[in-house]
Amino acid sequence: MTITITAFERSPDGGKGLARDTRVRWALEEVGQPYEVRPVSFGAMKQPAHLALHPFGQIPTYEEGDLALFETGSIVLHIAEHHAGLLPDDPNARARAITWMFAALSTVEPPILELTNANLLEGDKPWAAQRMPLVEDRIRDRLGRLSARLGDADWLDGAFSAGDLMMVSVLLRIKSSGLLDEYPNLSAYVARGEARPAYKRAFAAQLAFNTRKPPTG
Ligand code: GTB
């Protein structure tokens with residue numbers, strides 16, 4: 001059955017891989033599933049056809065036969081549960097890998113999103129510079145604890161899993177901020193994720209997609 005995901009018609013990052021379709025592409029590449037990508041413009045995202053797939057009018061979505069999903073956590077979990085390669089067979093190890101997915105999305109990503117919002121939406125406010133250290137320190141708190149847990153391991157709990165895929169995807173969003181560099185083991189962890197052939201294929205695919213030529217005629 002064909003898998004179709006949606007992505008920004010043109011990502012505002014120009015193909016840096018920061019939009020959330022990249023993590024879905026990465027999961028599909030890890031498990032060797034081909035997929036198609038349907039571009040969605042900002043306007044179309046809020047129209048009924050797309051809202052039927054995604055109630056909040058966002059990307060990415062995932063369609064496979066009768067199934068339509070939104071939320072990258074749910075999409076990556078679905079992929080990991082239906083194809084070998086992203087979740088361990090042992091039930092307890094599997095539950096722990098899923099726990100890391102949730103940790104990435106609900107504990108580590110929120111303060112990182114706050115930084116994005118502070119930069120993009122509040123940068124011109126008179127209090128922006130004063131607030132920034134607080135925003136960054138909330139990220140440092142999470143990074144410090146994650147760094148302590150990871151220690152000198154390659155991955156968060158044994159072999160690479162969907163938990164690592166999600167955590168690396170979240171951490172990639174602050175790669176350019178310099179904050180990650182304060183935690184050398186986390187920088188190395190993210191680099192290990194980026195070095196995976198499946199990540200490289202996913203990154204290349206989104207870059208090609210976001211830099212494709214508009215149709216002529
Ligand atoms: N919780 C949802 C999930 O995980 O799937 C969040 C989905 C989401 O935030 N989607 C964003 C979106 O559709 C794109 S990824 N935004 C449009 C809207 O809300 O109207 C967030 C994103 C956007 C752009 C960049 N960038 O250009 O650097 C990076 C990340």
Side-chain angles (χ1 to χ4, degrees), residues 1-31 33-83 86-87 98 100-124 162-163 165-174 199 201-217:
M1 224 173 305
T2 306
I3 294 171
T4 304
I5 67 169
T6 52
F8 283 132
E9 190 170 44
R10 293 233 183 266
S11 177
D13 73 358
K16 291 200 179 83
L18 298 175
R20 283 180 173 87
D21 56 294
T22 304
R23 54 185 76 167
V24 175
R25 293 172 185 266
W26 184 7
L28 289 166
E29 292 288 353
E30 288 284 352
V31 302
Q33 283 298 303
Y35 61 96
E36 293 179 358
V37 184
R38 191 170 64 247
V40 190
S41 68
F42 279 100
M45 235 174 260
K46 310 298 179 200
Q47 295 301 313
H50 189 72
L51 287 169
L53 289 173
H54 195 307
F56 305 106
Q58 295 184 311
I59 60 94
T61 57
Y62 175 101
E63 291 157 81
E64 185 182 14
D66 290 343
L67 178 68
L69 295 175
F70 61 99
E71 285 296 334
T72 51
S74 163
I75 295 169
V76 170
L77 183 57
H78 173 81
I79 294 166
E81 280 186 325
H82 288 83
H83 305 280
L86 280 173
L87 286 175
I98 294 169
W100 279 116
M101 288 183 69
F102 277 86
L105 293 172
S106 43
T107 301
V108 179
E109 193 165 48
I112 289 176
L113 288 180
E114 223 182 310
L115 179 65
T116 307
N117 288 339
N119 282 324
L120 290 183
L121 308 176
E122 300 162 0
D124 58 346
L165 184 151
M166 203 54 91
M167 192 64 82
V168 169
S169 297
V170 164
L171 295 178
L172 275 166
R173 297 194 67 169
I174 47 165
Y199 177 81
R201 288 194 297 274
F203 185 89
Q206 67 75 36
L207 179 61
F209 186 84
N210 284 303
T211 52
R212 71 197 184 287
K213 292 203 170 49
T216 51

Seminar exercise, completed: Applying salt bridge (Lys or Arg N to Asp or Glu O under 4.0 Å) to Glu71 and not counting sequence neighbours gives none

Got a sec, which residues hit ring pair (Phe, Tyr, Trp, His ring centres under 6.0 Å) with [X], two or more places apart in sequence or on another chain?
X: His82; result: His78
X: Phe70; result: His54
X: Phe102; result: none
X: His50; result: none

Do [X] and [Y] come within less than 4.5 Å of each other through their side chains, counting heavy atoms only?
X: Trp26; Y: Val168; answer: yes
X: Ile5; Y: Ile75; answer: no
X: Val170; Y: Ile112; answer: yes
X: Phe8; Y: Met45; answer: yes
X: Leu113; Y: Arg173; answer: yes
X: Ile3; Y: Leu28; answer: yes
X: Val31; Y: Ile79; answer: yes
X: Met167; Y: Met101; answer: no

Look only at the side chain of [X] and the backbone of [Y], and say whether a donor-acceptor pair between them is shorter than 3.5 Å.
X: Thr4; Y: Glu36; result: no
X: Thr22; Y: Ala19; result: yes
X: Gln206; Y: Gly15; result: yes
X: Asp13; Y: Gly17; result: yes
X: Asn210; Y: Gly14; result: no

Problem set entry | Chi angles and distances behind the side chain to side chain contact (heavy atoms under 4.5 Å, CB included) call for Glu81, Leu77 | CA-CA 6 Å; Glu81 280 186 325; Leu77 183 57; 4.1 Å; yes

Problem set entry | Evaluation steps, side chain to side chain contact (heavy atoms under 4.5 Å, CB included), between Asp21 and Thr6 | CA-CA 7 Å; Asp21 56 294; Thr6 52; over 6 Å; no

Rounded to the nearest 0.5 Å, what's the gap from [atom1] on [X] to [atom2] on [Y]? Could you check?
X: Leu115; Y: Leu120; atom1: CG; atom2: CG; value: 9.0 Å
X: Tyr62; Y: Leu53; atom1: OH; atom2: CG; value: 13.5 Å
X: Ile59; Y: Arg20; atom1: CD1; atom2: CZ; value: 8.5 Å

Ignoring hydrogens, what is the shortest heavy-atom contact between [X] and [Y]? Give both atom names and the distance.
X: Thr72; Y: Pro60; result: CG2-CG, 3.5 Å
X: Leu87; Y: Ala162; result: CD2-CB, 4.3 Å
X: Ala7; Y: Arg25; result: CB-NH2, 4.2 Å

Problem set entry | Geometric cation-pi criterion, Arg212 with Phe209: 6.0 Å, 45° | yes

Problem set entry | Axial cation check for Phe42 ring with Arg10, 6.0 Å and 45° limits | no

Problem set entry | side chain to side chain contact (heavy atoms under 4.5 Å, CB included) between Leu69 and Thr61, worked out | CA-CA 6 Å; Leu69 295 175; Thr61 57; over 6 Å; no

Problem set entry | Full working for side chain to side chain contact (heavy atoms under 4.5 Å, CB included) between Glu64 and Thr2 | CA-CA 6 Å; Glu64 185 182 14; Thr2 306; over 6 Å; no

Problem set entry | More than 12 heavy atoms from other groups under 6.0 Å of CG on Asp124 | yes

For this session: Using a strict cut-off of less than 4.0 Å between a Lys/Arg side-chain nitrogen and an Asp/Glu carboxylate oxygen, indicate whether Glu109 and Arg23 qualify as a salt bridge.
Result: yes

Problem set entry | Residues forming a side chain to side chain contact (heavy atoms under 4.5 Å, CB included) with Ala44, sequence neighbours excluded | Val40, Ser41

Exercise. Taking atom types as modelled, is there a side-chain donor on Gln33 or Tyr35 under 3.5 Å from an acceptor on the other?
Worked result: no

